[in-house]
Amino acid sequence: MLDKTYSPSEVEARTYPTWEQSGAFASNTTSNAQPFCVMMPPPNVTGSLHMGHALNMTLQDVLTRYYRRSGRDALWQPGTDHAGIATQSVVERQLAGEGKTRHDLGRDGFVARVWDWKAESGGTITRQLRRLGASPDWRRERFTMDEGLSHAVRKVFVQLFKQGLIYKDKRLVNWDPRLHTAISDLEVEQKETKGHLWHLKYPLADDPQRFITVATTRPETMLGDTAVAVHPDDDRYRDLIGQDVLLPLVDRRIPIVADDYADPEQGSGAVKITPAHDFNDFNVGKRHGLPMINVMDRDARILATAEVVPGGDGSEPDSALPAAYAGLDRYEARKRIIADFAAQDLLERIDDHLHTVPHGDRSGTAIEPWLTDQWYVDAETLAQPAIRAVEEGRTVFVPRTWENTYFEWMRNIEPWCISRQLWWGHQIPAWYGPDGTVFVEQSEEEAQAAAKRHYGHDAALTRDPDVLDTWFSSALWPFSTLGWPDPAPEVDRYYPGDVLITAHDIIFFWVARMMMMGLHFMGEVPFRTVYMHALVRDEKGQKMSKSKGNIIDPLGLIDRYGADALRMTLTAMAAQGRDIKLSDQRVEGYRNFATKLWNAARYCQMNDCRPVDGFDPTACRLTVNRWIIGAVIDTAAKVEQAFAQYRFNEAAGALYQFTWAQFCDWYLEFTKPILTGSDDAAAAETRACTAWVLDQILHQLNPIMPFVTEELWGAIGDRQGDLLISRPWPDYAAVDPDRHAGDEMEWVVRLIGMVRAVRAEMNVPASARIELLLRGASDRTADRLSRHHDLIVHLARLTDARIIDAPAPKGSAQAVLDDATLFLPLAEVIDLDQERERLEREIGKLDGEIAKIDKKLANPQFVEKAPEEVVAEQRDRRADYLSTREKVAAALARVSAG
RNA sequence: GGGCGCGUAGCUCAGCGGGAGAGCACUACGUUGACAUCGUAGGGGUCGCUGGUUCAAUCCCAGCCGCGCCCACCA
């Protein structure tokens, strides 16, 4: 016998290993079944499960379990990501705690230390995924720094390099002065910052009494100015174009150039140009052949001697910088430089200024546009086929609107900076000869061979110290995990995948790049569908973050309410197009649902409703059974369609509604009198049917709530060692829902509802048994009443329910149901005024409905133009309302007469 | 500046051309042998505003107001 309540933790701990050991999660390369492949977005190997993962993984698991049971050879490919910056930062923080830096350990020592950390904490997230009930093919688990995947990374890098799609370039990058690495545009966050606009006066070189004023938010970069730009049509400055100013503090002559970039509306209309420290200025500098003067080191401190790149005309400014600022942090230097301008009376004024400042998303530090050599991917070239693939519908986004976001970014894509000045990651397979010649090969041996061919003799090579952006290896995930570039049957079988399930915040980081790499290397899109789910927020709609302290821990929810409750909550809330605001209360509600299901099963067990082998739903005779069987089939259709359309919330809603509001609230109550009644055949049929329906609920709910359904399925019947997880998805094709049974039971529901409502309104105690009389009933109604007499009496708490011809006793409460008028004789308790009021309210409602329909029908345009069936439907409804109204009015007349 | 999305019951949200829905919260009653993590009944909404299309608009279109997110830029 089942316990009185469900204990999720005990069941979950016991069930998961059973599934895993049974091989239920395994894909099967040799199967004849049609494959179904989902690539798990690899979480950070040293990370832990947050709510976003919980949603993402739940949806993938639901689909995987559903398709696997529907006969597909499902591969849900799991794995973890090395997450370069994030993981390296964690270990560096640990070292800092020991008073060390990574440089104390050296590269090899540090990388070994990170591997240790991975070994120590690397299992956390996969353990947590198991607690959630995730069912990927763990045998195939991969890590982005596995040898196989690293091989794929090297192969891709070398090939792209040899195709000219990867190149090295000296240009401005987003430099993170704290992490000491370049980061990509996507890793930069714009933060609104209160700052100042400093108006600096630059004297003309040949007329020191005249000044040109420039406005800047970053005065410290003036040390690297190589021009002042004005708009060519700006009359204020037209005569100055071509002249020089003498840059204060450094006494450098720099030209005044005409460039459209200068906006006459902004500041003074003249703008300082610092090509080595500003992206816009960099472009201006290129256009005018200006030299570039880098004045900062990797910590964003001012250099003593600038790094100078000569201008297009070969001009090479003096690299010496004022000693006063050497070694100062950029903000300290700013203060000093402003002070020095002020001291020389060259500071015109200071305005308060609200502007956005780029920050590194990992370090939170203001990034510095910095001139360095980095590796780039020619993203524009790779993007073209990826754009076409979505245009042509070879990959479809769900919801579709995300395609706009994808196109927008892809059509304006910038070169992708892929080198990082880190140690943890895939080291770039590039070696340099003594003269700086680069050899890009998959191994050092190959590089040496290439060098020998190049130089004609062996040469000492040094490897490029940089590693690749983590997303470079993630981009290969859909095929590198399948064994590519080695020959592997999995590549042919599971690529392209069916659906990628992910959150919209990584369309650019990941989805777009998988599309580019997949198309380039595999010649085909990596997945047919991209389902973008919402972000999970807290109950106030705020993004969850550590600093806000509003993180809801999915493991905590699993501990308190069970994995199924959390899964059901997330599935039920995964409506397309809106973020999810999660609260404990929601999860509690679905925990209650699990309890409800548990108790329904317990009831079945107590009443000996056991699954009957070979039970044939079409052979059921009882209307109540035929009704619930039809409802099972309707529910399955809704669930199947919902999954096919990625409408997870609809699948969850249909199952919730059916289980609670149909099966528990009505069917189990309806059948109680049958089970205890004298008709043994009816009881036997009902027991079998009840067990069958419960079985169907367990089947259909299983992908969403796998633990409790597995447990109950095993407890309710003799399963001979089978597990529900591996049972085929039920097929109801042979069963036709009986619509008559549906209509009839719906009538019974309405009848009981009416009696209950009248009883409640008339304050009839639940313990009081009263009689129900029906007058004016048609044959069909009389028939229905007689067929369901017992359950009506039982559920409406009556002594009897019968048809009468004679007038009903005075002092009856009355109600109208279709053709019949219901009488509840309540002579003792009835309050005539209250009853009159109740009936008048009812008439008022009916009059309102009738008036609305009359208005429509009175409109000749409606009758003419609306489809016939709509007009007919309105006429039917009117007739029904009118007939009910007449009967209620008669009832009211009786009360008033009485 | 460009793009996307959202304003429906107190709260959180489904629905999206012809009868306003759910869960939670609230009110009243209730332990009738599955379930109080429950049952029964009930109250509560000019579906943001203004126009337009249509026989018909919560639903489609436009504008406006409010809110959120993304991208770009701001000397």
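Values below: every heavy atom of this structure, side chains too, minus hydrogens, waters and symmetry copies. Below, chain A is the first sequence line, B the second, and so on; all start at residue 1. Everything numeric here is computed off the predicted structure, so don't read it as measured data.
The phosphate of C35(B) has neither OP1 nor OP2 within less than 4.0 Å of any side-chain N or O from T5(A).
Residues A270(A) and L186(A) each lie close to RNA chain B; by heavy-atom proximity, the contact nearer the 5' end of the strand is made by L186(A).
Every residue two or more places apart in sequence or in another chain was checked for a side-chain hydrogen bond (donor to acceptor under 3.5 Å, both in side chains) with W198(A), and none qualifies. Applying the side chain to side chain contact (heavy atoms under 4.5 Å, CB included) criterion to F407(A), with sequence neighbours excluded, gives I387(A), V390(A), E391(A), E403(A), R411(A).
Within 4.0 Å of C604(A), counting heavy atoms only, lies no atom of the nucleic acid at all. Backbone-only contact: H353(A) has heavy atoms under 4.0 Å from sugar-phosphate atoms and none from a base. Across all strands shown, V870(A) has heavy atoms under 4.0 Å from base atoms, whether or not it also approaches the sugar-phosphate. Across all strands, A600(A) comes closer than 4.0 Å to base atoms (heavy-atom distances).
Using a 4.0 Å cut-off between charged side-chain N and carboxylate O, R841(A) and E761(A) make a salt bridge.
One can find a donor-acceptor pair under 3.5 Å joining the base of A34(B) and the side-chain atoms of E669(A).
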- Note on the structure: Pairs under 3.5 Å (Watson-Crick or G-U), crossing ones as [ ], inter-strand ones as |: RNA chain B comes out as ((((((((.[[[[.)..(..]]]].(((((.......))))).....[[[[[..)....]]]]])))))))....
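For K672(A), taking side-chain heavy atoms from C-beta onward, the closest of the listed nucleotides U40(B), A34(B), G19(B) is A34(B). When each of G5(B), U12(B), A34(B) is scored by its nearest atom to the side-chain atoms of K581(A), the top-ranked nucleotide is U12(B). Closest to the Q874(A) side chain, of the nucleotides A20(B), G18(B), A41(B), is G18(B).
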